[in-house]
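Written below as structure tokens is the structure these notes are about.
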Amino acid sequence: METENAVNYKFMGRSFNDLSINDDSSAFSDCNSDRSGEFSTASSQSRRLFLACTNSDNSDEFIRQLVSDLGSCSIDEQKNAALELRLLAKNKPENRIKIAKAGAIKPLISLITSTDPYLQENGVTAILNLSLCDENKELIASSGAIKPLVRALRTGTSTSKENAACALLRLSQVEENKVAIGRSGAIPLLVNLLGNGGIRGKKDASTALYSLCTVKENKIKAVEAGIMKPLVELMADFGSNMVDKSAFVLSVLVSVPEAKTALVDEGGIPVLVEIIEVGSQRQKEIAAAILLQICEDSVVYRTKVSREGAIPPLVALSQSGTNRAKQKVSY
């Protein structure tokens, strides 16, 4: 896995040392369990069942029954079982292991391919909630969840797409799954969600792409899918609440030449210079790190950066950076 560590760049005769571009701890909040307010729409019977399952003596029996109902000939029973398992996995972490051990993962995956949007949404979201348990991630992937999740990312409701992105993020936290997810066609769909989704969709897509694009072939897939256009647009929109996330995604991409070229072609240099001038301290630091990485070994790009007026704000940042990621300038 490629990672971005503290770097040492030279630009215009200066050495910019100890620029950190991997402090993403607050830029990305993990995709957690679904946030769709199911309790307000669940039936009274469903809520009573959920409350009954909080009793550990009864929960195993209820879970086994729900897993059995996933295979029912009645679509209503399937919907109810999928919803209940989704809720159980969301709210009680210990239930995630119980549900997986009861054999729910494969039948839930089969629901993701359903043409019924409600059934698909509950299948996707139940798998997301189960994937919050590290012990379940490998089992979910090995049970064949990746391709159905990618399909949901293509054809599902907005909630299905968002939760599929989150589930793929969770599965990508197992290193060997990153390439499999990329080769299943997820990258262009996540790029589309980044560009055209709602605010939650954009956030979920950026988080998933940040994780997946630590792998070189996924970086190239993202560039080929046109990721630079939405990234530059989001970085330029300070009201989007996406400047940090977009910049961090960009920071893992620019290690490949294709990304540098695409960034310049999409007008990314003036946007990064503006961030250094008026962004928050962290935004300034990540934008500076990206610019300096672009300039590395490229006289043409150095000239472009200089012409955009980057030198004065870079020098100012070198004198006022935080202790954590301060640039130490030497001549």
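Here, residue 1 is the first one in the sequence, and each next residue gets the next number. Excluded from the calculations below are hydrogen atoms, water molecules and symmetry mates; all remaining heavy atoms, backbone and side chain alike, are included.
- In the hydrophobic cluster analysis, where Ile, Leu, Val, Met, Phe, Trp and Tyr join through side-chain heavy atoms closer than 4.5 angstrom, Leu263 is grouped together with Val300.
- Without hydrogens or angle criteria, Ser306 side chain to Arg302 main chain gives no donor-acceptor distance under 3.5 Å.
- Remark: Lys229 does not engage Glu266 in a salt bridge, criterion side-chain N to carboxylate O under 4.0 Å.
- Under the 4.5 Å side-chain heavy-atom criterion for ILVMFWY residues, a single connected hydrophobic cluster contains both Leu139 and Val67.
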Intermediate values then yes/no, side-chain hydrogen bond (donor to acceptor under 3.5 Å, both in side chains), Asn218 and Arg183: CA-CA 8 Å; Asn218 288 344; Arg183 292 179 180 177; over 6 Å; no
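- A continuous path of Ile, Leu, Val, Met, Phe, Trp and Tyr side chains, each step under 4.5 Å between heavy atoms, connects Leu272 with Val264, placing both in one hydrophobic cluster.
- Donor-acceptor pairing under 3.5 Å is recorded for the side chains of Lys178 and Ser211.
- Grouping the Ile, Leu, Val, Met, Phe, Trp and Tyr side chains by contacts below 4.5 angstrom, directly or via other members, places Phe238 with Leu234.
- Under the 4.0 Å criterion applied to side-chain N and carboxylate O atoms, Asp116 and Lys79 are assigned as salt-bridge partners.
- A salt bridge is defined here as a Lys NZ or Arg NE, NH1 or NH2 lying under 4.0 Å from an Asp or Glu carboxylate O, and Lys98 with Glu94 fails to meet this definition.
- Considering all non-hydrogen atoms of both residues, Lys221 and Ile187 come closest at C-CG2, 3.8 Å.
- Annotation for Ala222 and Leu253: closest pair CB-CD2, 4.2 Å, computed over non-hydrogen atoms.
- In this structure, Ile127 CD1 and Cys166 SG are separated by 14.0 Å, a value rounded to the nearest 0.5 Å.
- In this structure, Ala145 and Ile109 approach most closely via the heavy-atom pair CB-CD1, 3.6 Å.
- When every heavy atom of Leu171 is checked against every heavy atom of Asn177, the shortest pair comes out as O-ND2, 2.9 Å.
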